[in-house]
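Here's the structure we're looking at; comments come further down.
Just so we're on the same page: letters track the sequence lines, and every chain starts at 1.
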Protein chains: 2
Amino acid sequence: MKASIGDVALKAGVSNATVSRTFAHPEQVSEATRLKVQAAADALNFSVSRSAGILKSGRTYRIALLVGSGIIEWFTAEIIAGLNDVLRDAGYDLVIYPIEGSEARDAFFEELPVRSNADAVFVSSFGISPDEVKRLGTAKIPIIGINTTSEGFDATVGINDKEGIKLIVRHLAKLGHRNLLYLYESFSSTLGFSSFNRISGFQEACDAVDGLTARTLAVQKGDSILDAAISEIMAQDNPPTALCFHQDSQAIPLFFRLQRSGLSVPGDISVTGFDDSTFAKEAELTTVRQRPYDMAVDAAQKALALIEGQPIEEPFETFPVQLQVRGSTAKPRATPLL
Amino acid sequence: MKASIGDVALKAGVSNATVSRTFAHPEQVSEATRLKVQAAADALNFSVSRSAGILKSGRTYRIALLVGSGIIEWFTAEIIAGLNDVLRDAGYDLVIYPIEGSEARDAFFEELPVRSNADAVFVSSFGISPDEVKRLGTAKIPIIGINTTSEGFDATVGINDKEGIKLIVRHLAKLGHRNLLYLYESFSSTLGFSSFNRISGFQEACDAVDGLTARTLAVQKGDSILDAAISEIMAQDNPPTALCFHQDSQAIPLFFRLQRSGLSVPGDISVTGFDDSTFAKEAELTTVRQRPYDMAVDAAQKALALIEGQPIEEPFETFPVQLQVRGSTAKPRATPLL
DNA sequence: ATGAAAGCGCTAACAT
DNA sequence: ATGTTAGCGCTTTCAT
């Protein structure tokens with residue numbers, strides 16, 4: 001059915017090796033032969049099969065990406081795009097493994113399907129345990145972390161989450177806010193190392209400001225983070241004057257809800273996000289910008305270098321974050337809400 | 001370095017074939033031998049390499065997904081999730097090919113990297129030409145379309161875009177709207193067959209209603225579709241009373257913009273979307289719901305059947321759409337805006 | 001139940 | 001510049 005290298009060789013009247021060379025090292029083949037071979041290949045709709053070459057090379061030309069959830073949100077989508085752009089050009093396939101739920105998780109680390117079947121593995125924003133990293137290490141392939149701890153990883157890329165949230169806190173403090181509330185989903189797919197730092201960084205930054213009251217509120221996934229937010233704003237005793245969301249996508253819907261509740265941003269309440277993702281600009285959401293696409297491109301390059309056994313100049317890289325001050329933050333109300 | 005089947009066989013004191021069978025057909029191996037082999041495999045951190053088996057089987061266990069853009073938006077993210085969930089369980093890798101720009105496109109169809117290197121190919125929301133489909137057909141693998149025409153495809157899944165937009169138009173007409181404007185990005189990544197139908201379906205549906213004025217407005221990608229929308233609303237002569245957006249993600253930011261412009265939804269203007277994607281519910285956006293995840297699951301199952309050479313009961317499947325009436329639509333203003 | 005051996009399609013060393 | 005050949009790691013008959 002499908003033409004193989006032998007069919008082409010037969011048709012072109014040359015040896016298998018010459019056909020192989022025509023595609024792999026065309027400069028080693030004479031012009032005349034090359035044309036003959038190409039004509040035969042075209043006639044037979046032949047393309048070189050990667051599988052065979054892969055077997056010979058000892059490489060799999062597959063690179064795995066472990067993500068915490070099957071739902072592909074902004075961050076993961078950017079990561080996939082960045083990784084794919086670099087890896088595809090280098091001849092590698094990116095294979096996505098969503099590790100959802102503890103059964104799937106245990107199964108993955110038990111079977112370790114990447115062992116012998118991937119040349120490198122990325123772990124993205126995934127609350128991976130030291131034991132799991134260790135287990136992954138037995139696959140003897142480079143492990144690259146994206147927004148993870150660096151323990152056990154061959155390379156990592158990420159942002160300084162603490163630094164990022166600190167920018168938010170200091171911005172709000174300078175505006176005069178003295179009562180902040182941090183909101184996040186406690187089982188959010190992104191609640192790994194990165195998230196942990198963002199939350200603890202918030203507390204640290206707040207503690208560093210005199211007279212600043214700060215609370216963090218974990219909302220169960222599924223519970224409405226918006227209901228929680230509105231309830232807190234309307235509380236009689238000491239309501240926050242600013243809400244800091246763990247990520248933009250949790251803050252965006254709040255704007256709609258607030259409008260319906262007769263509350264105005266930033267007049268009644270200031271709101272901040274984190275990511276600078278979809279709609280953040282249009283919503284005029286004050287946030288912290290990170291660029292996961294760029295991180296992924298860098299991570300992919302690190303992976304390729306590690307696969308080649310090349311030394312990496314900077315295995316653990318921290319990417320810049322930037323405060324984006326927009327219309328959702330302003331001075332707190334001078335008078336109580338009611 | 002990496003243990004191969006021979007190493008395990010040696011260590012366990014059995015033949016290669018027995019090791020192979022232990023993993024592929026454990027029931028054919030005696031309990032005692034199986035345990036011996038497994039112990040040896042564990043000690044050597046051995047896993048069966050897929051590459052070799054792939055070579056023997058003649059299959060690649062790779063399935064390609066062609067998408068029109070490197071940016072993974074809601075629709076594509078859902079498709080990837082759905083395909084991956086089914087294909088991974090069946091032992092297939094999903095490989096994403098973003099075909100961006102005409103050079104990349106020509107290169108893809110020239111080299112046809114999926115030929116001999118994928119067992120099936122999905123084409124998602126991609127304005128593919130008949131010639132390109134034909135060319136793709138020379139790869140002799142199943143071609144499955146997702147929101148495409150069916151010409152040249154072995155199977156397709158999709159929605160009836162015309163039917164969907166018709167629901168929107170009839171809903172608005174019933175509310176009393178007589179002047180509608182349809183807005184879309186003329187080079188949007190999703191502007192394939194599906195988009196074309198949505199736009200022409202809009203016109204058809206409007207033509208079917210007596211006294212209904214309808215226009216469509218293509219905005220260059222990059223130009224602000226929001227600026228265009230606001231300008232149209234503020235036009236002195238015969239401004240539309242409802243804006244129909246090609247997809248939710250174009251309508252969502254409008255809410256923010258309108259608020260700043262002192263315009264209220266649906267008081268001053270009704271707004272509709274299409275997709276029922278992220279934030280549509282929170283924004284109370286009237287829209288048409290489609291479920292790309294479900295379509296992808298079905299498409300993946302069709303692909304697996306086609307690969308096995310099994311007949312498909314329903315190769316060309318249309319999935320239901322559903323009108324979601326929400327707060328962004330109401331009767332038109334009785335009086336002019338100004 | 002287990003072993004021996006051929007071969008999947010290609011590449012690269014070596015030979016000419 | 002081109003041909004010959006061994007072999008990548010596994011699966012699968014065919015023997016035993």
(request) Could you check which of D/dC10, C/dG9, C/dA4 has an atom nearest any side-chain atom of B/Ser15? (result) C/dA4
(request) May I ask you to decide if B/Val29's main-chain N or O and B/Arg34's side chain share a donor-acceptor pair within less than 3.5 Å? (result) yes
(message) Expressed as a whole number of angstroms, how long is the span from A/Asn117:CG to D/dC8:P?
(response) 18 Å
(message) Under a 3.5 Å distance rule, please check whether A/Asp154 uses its side chain to pair with a backbone N or O of A/Leu306 as donor and acceptor.
(response) no
(request) Going by the side chain to side chain contact (heavy atoms under 4.5 Å, CB included) test, name the single residue among A/Val121, A/Ile141, A/Thr138, A/Leu136 that passes it with A/Arg115. (result) A/Thr138
(request) Using whole Å, report how far OH of B/Tyr61 lies from C1' of C/dC8. (result) 13 Å
(request) Return the 5'-most residue of the pair A/Ser51, B/Val14 with respect to DNA chain C, ranking by each residue's nearest nucleotide. (result) B/Val14
(message) Quick one about B/Asn117 and B/Thr60 (side-chain donor to acceptor, distance below 3.5 Å, no hydrogens or angles considered), yes or no?
(response) no
(request) Find which nucleotide of DNA chain D each of A/Glu27 and A/Lys56 is nearest to by heavy atoms, and output the residue with the more 5' nucleotide. (result) A/Glu27
(message) Measuring to OP1 and OP2 of D/dT2, would you say a side-chain N or O of A/Thr33 lies under 4.0 angstrom away?
(response) yes
(request) Identify whether any heavy atom of A/Arg21 sits under 4.0 Å from a base atom; if not, whether one sits that close to sugar-phosphate; answer base, sugar-phosphate or nothing. (result) base
(request) Look at the side-chain N and O atoms of A/His25 and state whether any lies under 4.0 Å from the OP1 or OP2 oxygen of C/dA12. (result) yes
(message) When you compare the side chains of A/Asn84 and B/Tyr97, does any donor N or O come within less than 3.5 Å of an acceptor on the partner?
(response) no
(request) Give a yes/no on whether any side-chain N or O of A/Ser57 is located under 4.0 angstrom from OP1 or OP2 of C/dT11. (result) no
(message) How many whole angstroms separate atom CG of B/Asp7 from atom P of D/dC10?
(response) 9 Å
(request) Select one nucleotide: of C/dG9, D/dT2, D/dT11, the one nearest the side-chain heavy atoms of A/Val29. (result) D/dT2
(message) How many whole angstroms separate atom CG of A/Asn16 from atom P of D/dG3?
(response) 10 Å
(request) Return the value, rounded to whole Å, for the distance between atom CZ of B/Arg50 and atom P of C/dC8. (result) 21 Å
(request) Provide, to the nearest angstrom, the distance between the CZ atom belonging to B/Phe23 and the P atom belonging to D/dC10. (result) 10 Å
(request) With heavy atoms under 4.0 Å as the rule, sort B/Phe46 into base, sugar-phosphate or nothing. (result) sugar-phosphate
(message) Of the listed nucleotides (D/dA1, D/dG3, C/dG9), which one gets closest to any side-chain atom of A/Ser4?
(response) C/dG9
(request) Might you confirm whether atom CD of A/Glu151 has over 12 heavy atoms from other residues, nucleotides or ligands at distances under 6.0 Å? (result) no
(message) Below the 4.0 Å mark, does C/dT11 have OP1 or OP2 next to a side-chain nitrogen or oxygen of A/Ser20?
(response) yes
(request) Grab the CD1-C1' distance between B/Ile5 and C/dA6 for me, whole Å please. (result) 15 Å
(request) Between B/Thr18 and B/Leu55, just flag the one whose closest nucleotide in DNA chain C comes earlier from the 5' side. (result) B/Thr18
(request) Quickly work out the B/Leu44 CG to D/dG9 C1' distance and round it to whole Å. (result) 15 Å
(message) Side chain of A/Ser49 only, heavy atoms from C-beta on: which candidate in C/dG9, D/dT12, D/dC10 is closest?
(response) C/dG9
